[in-house]
Visitor: 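Once you've had a glance at the structure underneath, I'll fire off some questions.
Sequence lines set the chain letters: A, B, ... in the order given, protein chains first and strands last, and positions in each chain run from 1. Not measured: the values here are computed from a predicted model.
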2 protein chains.
Amino acid sequence: MSWDLKSDRPIYAQLIEQLELKICSGVYALGSKLPSVRDLAEEAAVNPNTMQRALVRLEEDGLLYTQRTSGRFITEDANMVIQIKDKIAREQIREFLEKMINLGFSRKDILSNITKILEEMRENEYDSRV
Amino acid sequence: MSWDLKSDRPIYAQLIEQLELKICSGVYALGSKLPSVRDLAEEAAVNPNTMQRALVRLEEDGLLYTQRTSGRFITEDANMVIQIKDKIAREQIREFLEKMINLGFSRKDILSNITKILEEMRENEYDSRV
DNA sequence: ATTATTGTATTAAGTGCTTAATACAATAAT
DNA sequence: ATTATTGTATTAAGCACTTAATACAATAAT
């Protein structure tokens, strides 16, 4: 998973989400050192200030910690990561379900459409994690 | 369903989505007259210019049409609405699934978590459409 | 005929996001 | 000791979005 930034939402907000994803999914391991702000910014093709803004936020949430001049590190607290992962998942599911229900889909419709698209994703381009 | 606008995304984009929802879900019936730009803007607590911007977009997509000084109307083309509804649903499902898969959830995990939250929504505050 | 309502357009101001260009202090690396 | 790298801060500029305040033309309502 690389950096996927769209123009219809603030970049810093998208960076926060994608950094959370990278941490929760293990792209950055517990306790490991993050690339520097400047490197991350270059990697994501973003201004260092913008990346910094996202990192500060993750730090406030307890997912990262800073050692003054040696860099930033992922928390060693596995529970913290699990909780964030769970929080993100619940938010995603709720938002999604509310939209689908507002569109007029029934419980059955929702589930059947999901399995249908899951099949498509399994068959086609997507990856094998499903 | 009322107007629910958050500050982390352009308002006009959210208006487009929610107008699409209102049309697809039947809040505004096929062929019926929309409230005026000014009234819609007041209803959504938004500047008329911003509402106008959203309406113009829906018109470009064929969901609305304008009669110069008597107002705007929902299309009478039922297929158009069905297509839009289907398009929105597919987008929502894909986006959702990609996020969940990136988070590391398996197909089984996703489905079981959805049914779990659907149960919660059915029991608790949400409505009876599920 | 007059009035009110429709969509539409314009201009100016304010705000937040983003970038670019710097700079500084602390410390790891040499 | 010197140098490079770290996070951090500041300032100025540009941009899109939003609002407010108007205004205009067309036509429905009176």
Visitor: Find out if a path of hydrophobic residues (ILVMFWY) with successive side-chain heavy-atom gaps under 4.5 Å connects A:Phe73 to A:Ile16.
Guide: no
Visitor: Between D:dT5 atom C1' and A:Leu34 atom CG, what is the distance in whole Å?
Guide: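 Atom-to-atom, A:Leu34 to D:dT5, this comes out as 16 Å.
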Visitor: Using distance only, find each side-chain donor-acceptor pair of residues 27-36 of chain A under 3.5 Å and give its atom names and separation, not counting sequence neighbours.
Guide:
| unit_1 | atom_1 | unit_2 | atom_2 | d |
| --- | --- | --- | --- | --- |
| A:Ser32 | OG | A:Ala29 | N | 3.3 |
| A:Ser32 | OG | A:Ala29 | O | 2.7 |
| A:Ser36 | OG | A:Asp39 | N | 3.1 |

Visitor: Expressed as a whole number of angstroms, how long is the span from A:Asp39:CG to D:dT5:P?
Guide: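 Distance check: A:Asp39 CG to D:dT5 P gives 10 Å.
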Visitor: Side chains of B:Asp109 and B:Ser106: is there a donor and an acceptor less than 3.5 Å apart?
Guide: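 B:Ser106 and B:Asp109 do have a side-chain donor-acceptor pair below 3.5 Å.
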Visitor: Might you point out which heavy atoms bring B:Val37 and B:Met51 nearest each other, and give the distance in Å?
Guide: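 It is O-CG, 4.1 Å.
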Visitor: Does atom CD of A:Glu17 have more than 12 heavy-atom neighbours, drawn from other residues, nucleotides or ligands, at distances under 6.0 Å?
Guide: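 Count over threshold, so yes.
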Visitor: Check DNA chain C against residues 46-55 of chain A and give the residues with a non-hydrogen atom under 4.0 Å, in numerical order.
Guide: A:Val46, A:Asn47, A:Asn49, A:Thr50, A:Arg53
Visitor: With a 4.0 Å cut-off on N to O distance, would you call A:Arg122 and A:Glu119 a salt bridge?
Guide: yes
Visitor: Give the rounded distance in Å between these two atoms: OH of B:Tyr65 and P of C:dT6.
Guide: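 Interatomic distance, OH of B:Tyr65 to P of C:dT6: 16 Å.
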Visitor: With a 4.0 Å cut-off, would you call A:Glu91 and A:Arg94 a salt bridge?
Guide: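 Between A:Arg94 and A:Glu91 there is no salt bridge, as every charged N stays at least 4.0 Å from the carboxylate O atoms.
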Visitor: For the pair made of CZ in A:Arg9 and C1' in C:dC17, what is the distance, rounded to whole Å?
Guide: 14 Å
Visitor: Taking A:Asp61 for the side chain and A:Leu63 for the main chain, is one N or O donor matched with an acceptor at less than 3.5 Å?
Guide: no
Visitor: Can you tell me how far apart CZ (A:Arg90) and CD (A:Glu95) are? Round to the nearest 0.5 Å.
Guide: 13.0 Å
Visitor: How far does OH of B:Tyr65 sit from CD1 of B:Ile74, to the nearest 0.5 angstrom?
Guide: 9.0 Å
Visitor: Take B:Trp3 and B:Gln18 through the test side chain to side chain donor-acceptor pair (under 3.5 Å) and record every step on the way to the result.
Guide: CA-CA 7 Å; B:Trp3 297 94; B:Gln18 295 187 27; over 6 Å; no
Visitor: Just verifying a value: how many Å separate B:Arg9 CZ and A:Arg9 CZ, rounded to the nearest 0.5 Å?
Guide: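 Reported to 0.5 Å precision, the distance equals 7.5 Å.
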Visitor: Out of C:dT8, D:dT8, D:dT6, which has the shortest distance to the side chain of B:Thr66?
Guide: C:dT8
Visitor: Stems involving DNA chain C: give each as a range paired with a range, ordered by first number, where a stem means at least three consecutive Watson-Crick or G-U wobble pairs under 3.5 Å.
Guide: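 Output for stems: C:1-30 with D:1-30.
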Visitor: Using a cut-off of strictly less than 4.0 Å between a heavy atom of the residue and any atom of DNA chain D, enumerate the qualifying residues of residues 57-64 of chain A by number.
Guide: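 Contacts with DNA chain D under 4.0 Å: none.
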Visitor: Which atom pairs link the protein and nucleotides 24-30 of chain C when you take only N or O atoms and keep those under 3.5 Å?
Guide:
| unit_1 | atom_1 | unit_2 | atom_2 | d |
| --- | --- | --- | --- | --- |
| C:dT27 | O4' | A:Thr69 | OG1 | 2.5 |

Visitor: Kindly state each residue pair satisfying salt bridge (charged side-chain N to carboxylate O under 4.0 Å, His left out) with at least one member in residues 69-89 of chain A, sequence neighbours excluded.
Guide: A:Glu59-A:Arg72
Visitor: Quickly work out the B:Arg72 CZ to C:dT5 P distance and round it to whole Å.
Guide: 18 Å
Visitor: Report the distance from atom CG of B:Leu40 to atom P of C:dT5, rounded to the nearest whole Å.
Guide: 16 Å
Visitor: State which residue, out of B:Leu5, B:Leu19, B:Asp4, fulfils the side chain to side chain contact (heavy atoms under 4.5 Å, CB included) condition with B:Gln14.
Guide: B:Leu5
Visitor: What is the distance from CD of A:Glu42 to P of D:dT5, rounded to the nearest Å?
Guide: 13 Å
Visitor: D:dC17 C1' sits how many Å from B:Lys6 NZ, rounded?
Guide: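 Atom NZ in B:Lys6 sits about 19 Å away from atom C1' in D:dC17.
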